[in-house]
Number of protein chains: 2
Amino acid sequence: MKLTDYTDYSLRVLIYVAVHPDEPITIQQISDAFGIPKNHLVKIVQNLGQRGYLLTMRGRSGGVRLGRPAVEINIGEVVRATEPDFGVVECFRDGNRCVITRACGLRGILHQALRAYLDVLDGYSLQDLVERPAALRRSLSVGIPVMDIKPAGRKSR
Amino acid sequence: MKLTDYTDYSLRVLIYVAVHPDEPITIQQISDAFGIPKNHLVKIVQNLGQRGYLLTMRGRSGGVRLGRPAVEINIGEVVRATEPDFGVVECFRDGNRCVITRACGLRGILHQALRAYLDVLDGYSLQDLVERPAALRRSLSVGIPVMDIKPAGRKSR
């Protein structure tokens, strides 16, 4: 029940760009902020560009901006565009060899569950992910993973 | 968005046992029917036994039976019991290092989507998976993957 890192990182790229609307953003900036290797991000940014979620500005002060307003970037749509495989179990996938596929009730039930999952995501836009832009910008500029900030009073070993 | 093979195979074990209520079932039979290596099934059957879904009968004509009626084995419950990780994206997992976790709206939305997914599964029991027991038994005894049976009139290359 995991989304791929590809989808996870795609959403983070969009979040980063959405909370920095005043400047074109470079892959290096996103890489530094999240600690994600730059080479993972190149294809992601390219894909998001091809789908119109990002707009690429070339040149010395180049980078990317949102290709449309955050409120018009639907999260269900992004996840469908980035997740390579909704093959929940074998009978959803190419090359399925499960002998009971035709008589088994599981496929229909899992399809219904998957639809319910995506229906929820279809109800949200990128704007809903960045409702605290100032706090997000602060976290991104500090670049310290949340879990490294020890709560006061907890002993370190 | 995949369930693990462990969950997939757990459900298949339960299906196999459910459609053969008149005899104790061996791991070998399930392995032969689905073409799943026996060593993959040993732990699965053990786990399903510990959770009361299967009852183990020892001895020469031993094997497993359902531990309770199929209608009382809830699919959402089985998936929760077998799926090791509902860590949809990094911020759901131990060792999360995503810097924006506290300010980001994604986590709440994905939690809601996951709940919707599991809510659907909670509405079904093992009985709903095996509503065509005769057809299931037939597929399981033939043991030919559905995809290998060519529809009439399709040319083979």
Side-chain angles (χ1 to χ4, degrees), chain A residues 1-5 7-8 11-12 15-16 33-35 75 79 83 85-92 95-106 109-110 112-121 123-124 128-136 138-140 142-148, chain B residues 1-5 7-8 11-12 15-16 33-35 75 79 83 85-92 95-106 109-110 112-121 123-124 128-136 138-140 142-148:
Chain A
M1 282 302 301
K2 286 181 189 173
L3 293 171
T4 56
D5 286 344
T7 297
D8 185 355
L11 291 166
R12 294 199 216 180
I15 289 168
Y16 191 104
F34 286 110
I75 299 305
V79 169
E83 194 66 8
D85 185 0
F86 286 99
V88 184
V89 289
E90 185 179 341
C91 57
F92 281 59
N96 167 34
R97 300 184 68 81
C98 182
V99 290
I100 56 170
T101 304
R102 287 193 187 164
C104 174
L106 185 60
I109 292 169
L110 287 175
Q112 193 185 330
L114 187 59
R115 205 163 41 236
Y117 181 92
L118 291 169
D119 276 354
V120 170
L121 300 187
Y124 292 98
D128 298 308
L129 305 193
V130 297
E131 282 188 333
R132 298 172 59 198
L136 282 166
R138 216 164 34 241
S139 309
L140 286 164
V142 177
I144 300 172
V146 170
M147 298 310 154
D148 285 359
Chain B
M1 282 302 302
K2 286 180 190 174
L3 293 172
T4 56
D5 286 344
T7 297
D8 185 354
L11 291 166
R12 294 199 215 180
I15 288 168
Y16 192 104
F34 286 111
I75 300 304
V79 169
E83 194 65 10
D85 183 1
F86 286 98
V88 184
V89 289
E90 184 177 342
C91 57
F92 281 59
N96 167 34
R97 299 184 68 81
C98 181
V99 290
I100 57 170
T101 305
R102 287 194 187 165
C104 174
L106 185 61
I109 292 169
L110 287 175
Q112 194 185 328
L114 187 60
R115 205 163 41 235
Y117 181 92
L118 291 170
D119 275 354
V120 170
L121 300 187
Y124 292 98
D128 298 307
L129 304 193
V130 297
E131 282 189 333
R132 298 173 59 198
L136 283 165
R138 217 165 32 241
S139 310
L140 286 164
V142 177
I144 300 172
V146 170
M147 298 309 155
D148 287 356

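Fair warning: this is a prediction, and the values are worked out from it, not measured in the lab. Residue numbers start from 1 in every chain, and the chains themselves are labelled A, B, ... in the order their sequence lines are given, proteins ahead of strands.
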TODO: Nearest 0.5 Å please: distance from the CG atom of B:Asn96 over to the OG1 atom of B:Thr101.
DONE: 4.0 Å
TODO: Give the minimum heavy-atom separation between A:Val99 and B:Ser139, together with the two atoms involved.
DONE: O-CB, 3.3 Å
Open item on the list: Please classify the contact between A:Leu114 and chain B as side chain, backbone, both or neither, with a heavy-atom cut-off of under 4.5 Å.
Closed with: both
Open item on the list: Looking at chain A, which one of B:Leu136, B:Leu106, B:Thr7, B:Leu118 has the largest number of heavy-atom pairs inside 4.5 Å, strictly under?
Closed with: B:Leu136
TODO: Mind ranking A:Asp119, A:Asp128, A:Leu110 by heavy-atom pairs under 4.5 Å with chain B and telling me who comes out on top?
DONE: A:Leu110
Open item on the list: Let's test your reading of the structure: which of B:Val130, B:Val89, B:Ile15, B:Leu121 forms the most heavy-atom pairs below 4.5 Å with chain A?
Closed with: B:Val89
Task: Which atoms of A:Ile109 approach chain B - backbone, side chain, both or neither, heavy atom under 4.5 Å - done: both
Open item on the list: What's the separation between atom CD1 in B:Ile100 and atom SG in B:Cys91, rounded to the nearest 0.5 Å?
Closed with: 8.0 Å
Open item on the list: Pair A:Leu3, A:Val79 - check side-chain contact (heavy atoms from CB on, under 4.5 Å), show working.
Closed with: CA-CA 9 Å; A:Leu3 293 171; A:Val79 169; 4.1 Å; yes
TODO: Please determine, among A:Glu131, A:Arg115, A:Arg132, the option with the most heavy-atom pairs under 4.5 Å with chain B.
DONE: A:Arg132
Task: Between B:Tyr16, B:Phe34, B:Tyr124, B:Phe92, the one whose heavy-atom pairs under 4.5 Å with chain A are most numerous - done: B:Tyr124
- [ ] Applying side-chain contact (heavy atoms from CB on, under 4.5 Å), run through A:Tyr117 and B:Val88 and close with a yes or a no.
- [x] CA-CA 12 Å; A:Tyr117 181 92; B:Val88 184; 3.2 Å; yes
- [ ] Would you give the length of the straight line joining atom NZ of A:Lys2 to atom CD of B:Glu90, rounded to the nearest 0.5 angstrom?
- [x] 11.0 Å
